[in-house]
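Order of the sequence lines fixes the chain letters, A, B, ..., with proteins taken first and strands second; residue numbering starts at 1 for each chain.
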Protein chains: 2
Amino acid sequence: MAQSDTVTRILDTAEVLFAERGFAETSLRNITSKARVNLAAVNYHFGSKKALIQAVFARYLDPFSERFHSALDELEARYEGRDIPLEVLLETMATTVLTVPAERNSLKVFMRLLGLAYSQAQGHLRRYIQQQYGDVFSRFTELVRRATPDLPDAERFWRLHFMLGTVIFTLSGLDALRDIAEKDYHQHVSVRDLVRRLRPVVVAGMNAPLPDERDVEHHADTVAH
Amino acid sequence: MAQSDTVTRILDTAEVLFAERGFAETSLRNITSKARVNLAAVNYHFGSKKALIQAVFARYLDPFSERFHSALDELEARYEGRDIPLEVLLETMATTVLTVPAERNSLKVFMRLLGLAYSQAQGHLRRYIQQQYGDVFSRFTELVRRATPDLPDAERFWRLHFMLGTVIFTLSGLDALRDIAEKDYHQHVSVRDLVRRLRPVVVAGMNAPLPDERDVEHHADTVAH
DNA sequence: GTTTGTTTAAAACATGCGTTTTTGTGGCTT
DNA sequence: AAGCCACAAAAACGCATGTTTTAAACAAAC
């Protein structure tokens with residue numbers, strides 16, 4: 001019983017500290033002391049700090065990947081060959097993202113970790129995530145492609161990342177934003193409240209009119225000097 | 001002449017390294033060796049690493065703040081009391097953001113730094129930026145408020161941050177995204193090209209329909225377990 | 001009951017960090 | 001010419017980090 005308890009305690013503590021302060025700013029001594037575990041336990045069980053970081057991600061992304069795959073399976077079965085509407089696809093992704101960390105009560109941590117994976121240098125992490133979970137994302141984008149046949153490929157690519165940016169940025173910087181929001185508007189904001197607000201914005205962004213070609217020149221004028 | 005040269009070389013090198021790897025991951029030795037400057041020069045000229053970080057930001061944000069203020073002055077004069085359309089406000093902000101770093105040829109660095117300011121822990125930085133440049137942002141949001149009278153205050157607050165997230169996330173993670181985009185679509189993407197694509201998405205996001213109240217309950221069901 | 005393998009505990013190690021101190025240098029003032 | 005001052009260079013300091021090593025505890029296997 002004592003065997004795996006240490007591993008779990010390390011992971012539980014590490015994910016919180018990583019999410020709060022980033023990877024470089026969180027030392028193994030921070031983790032092990034707060035987890036009331038010996039310092040050497042991390043290197044013993046995981047091998048290195050990098051491996052610990054990847055393990056923290058795997059504990060979120062493995063269930064997510066699995067569930068998202070089956071959700072897409074179910075969706076494809078239900079629509080039996082017909083294109084799945086964009087709103088349904090986005091909705092499915094949202095609920096999957098929300099479902100996974102609900103079991104460990106911390107969507108905030110999950111999103112913050114995703115944000116770190118993007119923003120923090122940590123080249124090994126991006127590579128790990130890409131090669132480990134790239135196929136789920138590819139499958140999703142292919143379905144989105146069929147759902148938006150009128151959108152040029154490049155435009156869809158960018159808009160998907162725009163929307164990804166909106167969600168990750170918002171939910172990962174949630175604490176800071178929440179502070180400002182509550183100071184200015186004296187109202188509490190829950191994650192689900194935010195997701196509710198995000199939905200129409202994301203959909204509208206994906207369905208926005210195509211950019212005007214002439215804009216390019218206009219900007220070129222103002223930028224050059 | 002040798003006096004300020006060191007300071008400039010430190011700033012030039014630091015901003016690039018910070019943008020590439022983050023603050024904690026960039027040591028003073030990294031900076032000073034690449035800038036071919038003595039290690040102690042940083043602490044001599046800036047006092048500390050924190051102060052260096054703030055100085056790097058100030059070199060971008062001071063001109064930005066000044067120009068944005070005068071751009072808004074001009075705008076308010078031109079509209080003499082009438083509400084300024086949202087598109088014009090966004091456009092003005094965009095061109096100001098694009099103009100400032102154009103002079104030092106690196107919008108990418110500027111946006112990446114902004115992204116770091118959000119995502120990286122670095123409490124001192126957020127405090128510094130807030131107290132130093134909070135008034136420009138307040139002035140801007142007030143004008144946005146008048147431009148979108150039908151939007152509830154909270155909704156407008158969040159949508160502004162959504163859009164901020166879209167832009168910062170995209171432009172700060174530009175290198176990674178550009179790699180993927182060029183691999184998939186074999187086309188080069190310039191920053192101005194991206195801004196052109198961002199514009200309709202941002203406008204559409206701000207003008208999206210208000211969220212449906214019932215959604216809250218729906219999500220609550222799926223999240224609980 | 002001894003042995004064996006796994007886990008924890010404690011200590012030590014090597015490295016890199018931000019910062020400080022000391023010394024050297026060149027130019028400007030008095 | 002002497003002194004001063006701004007700056008640069010080099011070295012050292014103290015500290016925190018990731019990792020490794022050594023020793024102890026403990027359960028399972030024979």
### Message
Does dT19(C) have its OP1 or OP2 closer than 4.0 Å to a side-chain nitrogen or oxygen of Asn43(B)?
### Response
yes
#### Entry: Most 5' of Leu39(A) and Ala41(B) on DNA chain D, judged by nearest nucleotide
Ala41(B)
### His45(A) vs dT8(C): side-chain N/O to OP1/OP2 distance below 4.0 Å
yes
Write out a two-atom table: protein N or O, nucleotide N or O from nucleotides 4-6 of chain C, distance below 3.5 Å.
none

### Task
Identify whether any heavy atom of Thr26(A) sits under 4.0 Å from a base atom; if not, whether one sits that close to sugar-phosphate; answer base, sugar-phosphate or nothing.
sugar-phosphate
### Query
Rounded to the Å, how far apart are Leu28(A) CG and dT19(D) P?
6 Å
### Query
side-chain contact (heavy atoms from CB on, under 4.5 Å) with Met111(A): which of Leu107(A), Leu113(A), Val109(A)?
Leu107(A)
### Query
Between the side chain of Ser27(B) and the main-chain N/O of Asn30(B), is any donor-acceptor distance below 3.5 Å?
yes
### First encountered from the 5' end of DNA chain C, between Asn38(A) and Ser27(B)
Asn38(A)
### Query
OP1 or OP2 of dC7(D) less than 4.0 angstrom from a side-chain nitrogen or oxygen of Thr6(B), does that happen here?
no
### Message
Can you measure Lys49(B) atom NZ to dG18(C) atom P for me and round it to whole angstrom units?
### Response
4 Å
#### Entry: For Glu74(A), side-chain hydrogen bond (donor to acceptor under 3.5 Å, both in side chains) partners two or more places apart
none
Give me the distances for all protein-to-nucleotides 21-26 of chain C N/O pairs that come in under 3.5 Å?
none

